[in-house]
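Have a look at the structure below before the remarks.
Owing to the predicted nature of the structure, the values given are computational and were not obtained by experimental measurement. All values below come from the heavy atoms of this structure, side chains included, with hydrogens, waters and symmetry mates left out.
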Amino acid sequence: MDLKSLSLFSSLSQKMNWLTERQKVLAQNVANANTPGYVPKDLKKISFKAQVDQSSAAGGLRMSTTNSRHMSGAGAGNAYEINIQEASVKMASPDGNAVNVEDELIKMSDTQMEYATATNLYRKHVSMLRTAIGKPK
């Protein structure tokens, strides 16, 4: 059984991939903290609506009606795209470098916590599936 065929695991996997890429971009910002003229970058945020729309378009999430009085689901929207965008620049140093190492480290810490949360969710859902099919841990 391929877990990525389940929309929940697919979404968690995409989130973890995005967080990995963001960590790389933030690490480049810190590495270039002394490079003259360097402007820090960040990845475009993933919107929950875009995730749901993408899963719906791929056939992962479908609303079904079991009663004629139930509401039907809405159509799918556009998928999200990972783009590197210029970070907001508050102050630049005299050499034109706009990296604030403290801000970058805070972003890296937040990214690490989000990754740990996604990993724990993934692990818990795998455990629930194992329990449901009757396999021990």
Side-chain angles (χ1 to χ4, degrees):
M1 177 179 174
D2 182 22
L3 291 180
K4 287 191 178 183
S5 64
L6 300 173
S7 62
L8 173 70
F9 291 103
S10 175
S11 294
L12 283 172
S13 180
Q14 287 176 343
K15 175 73 173 181
M16 291 166 70
N17 289 338
W18 182 84
L19 290 168
T20 300
E21 291 301 316
R22 183 173 193 223
Q23 198 75 319
K24 288 178 186 177
V25 171
L26 295 174
Q28 287 176 347
N29 290 346
V30 172
N32 287 298
N34 293 325
T35 304
Y38 185 82
V39 178
K41 296 173 177 44
D42 200 352
L43 291 185
K44 186 177 178 183
K45 295 271 186 201
I46 297 176
S47 79
F48 180 72
K49 182 182 181 330
Q51 283 284 99
V52 171
D53 291 344
Q54 180 181 6
S55 294
S56 297
L61 298 174
R62 292 192 188 130
M63 292 181 66
S64 60
T65 57
T66 56
N67 187 312
S68 61
R69 290 181 281 167
H70 287 172
M71 295 178 3
S72 61
N78 295 334
Y80 76 92
E81 206 176 290
I82 297 177
N83 292 324
I84 294 181
Q85 61 184 9
E86 297 296 320
S88 60
V89 179
K90 295 178 184 172
M91 283 183 12
S93 63
D95 66 357
N97 187 306
V99 176
N100 184 339
V101 177
E102 292 83 10
D103 288 345
E104 298 303 314
L105 293 176
I106 289 170
K107 289 178 194 175
M108 290 177 82
S109 176
D110 289 343
T111 302
Q112 183 180 5
M113 287 189 296
E114 285 186 48
Y115 193 89
T117 301
T119 304
N120 287 334
L121 282 170
Y122 202 95
R123 187 178 307 127
K124 292 291 182 182
H125 282 87
V126 167
S127 176
M128 285 191 324
L129 282 176
R130 285 179 173 257
T131 302
I133 59 176
K135 288 190 177 183
K137 291 182 181 180

From Leu6 atom CG to His125 atom NE2, the distance as rounded to the nearest 0.5 Å:
10.5 Å
Would you please name every residue forming a side chain to side chain contact (heavy atoms under 4.5 Å, CB included) with Ser109, sequence neighbours left out?
Met113
Shortest non-hydrogen pair, Val101 vs Ala33, comes out as CG2-CB, 3.7 Å
When rounded to the nearest 0.5 angstrom, what is the spacing between OH in Tyr115 and CZ in Arg22?
15.0 Å
Criterion side-chain contact (heavy atoms from CB on, under 4.5 Å) against Thr111, the qualifying member of Leu43, Val25, Leu26:
Leu26
Restricting to salt bridge (charged side-chain N to carboxylate O under 4.0 Å, His left out), what partner residues turn up for Lys24, sequence neighbours left out?
Glu21
Restricting to side chain to side chain contact (heavy atoms under 4.5 Å, CB included), what partner residues turn up for Ala27, sequence neighbours left out?
Met108
How far does CD of Glu104 sit from NZ of Lys41, to the nearest 0.5 angstrom?
11.0 Å
Sequence neighbours left out, what passes ring pair (Phe, Tyr, Trp, His ring centres under 6.0 Å) with Tyr122? Give chain and number order.
Phe9
Let me check something: do Val126 and Leu121 share a hydrophobic cluster, defined by ILVMFWY side-chain heavy atoms less than 4.5 Å apart, either directly or through other members?
yes
Tell me every residue that passes side chain to side chain contact (heavy atoms under 4.5 Å, CB included) with Asn120, counting only those two or more places apart in sequence or in another chain.
Arg123
For the atom pair CD1 (Ile133) and CE (Met128), what is the distance rounded to the nearest 0.5 Å?
12.5 Å
Rounded at 0.5 Å granularity, tell me how far CH2 in Trp18 sits from NZ in Lys45.
5.0 Å
Pairs involving residues 108-119, ordered by first then second residue, that meet salt bridge (Lys or Arg N to Asp or Glu O under 4.0 Å) (sequence neighbours left out)
Lys15-Glu114
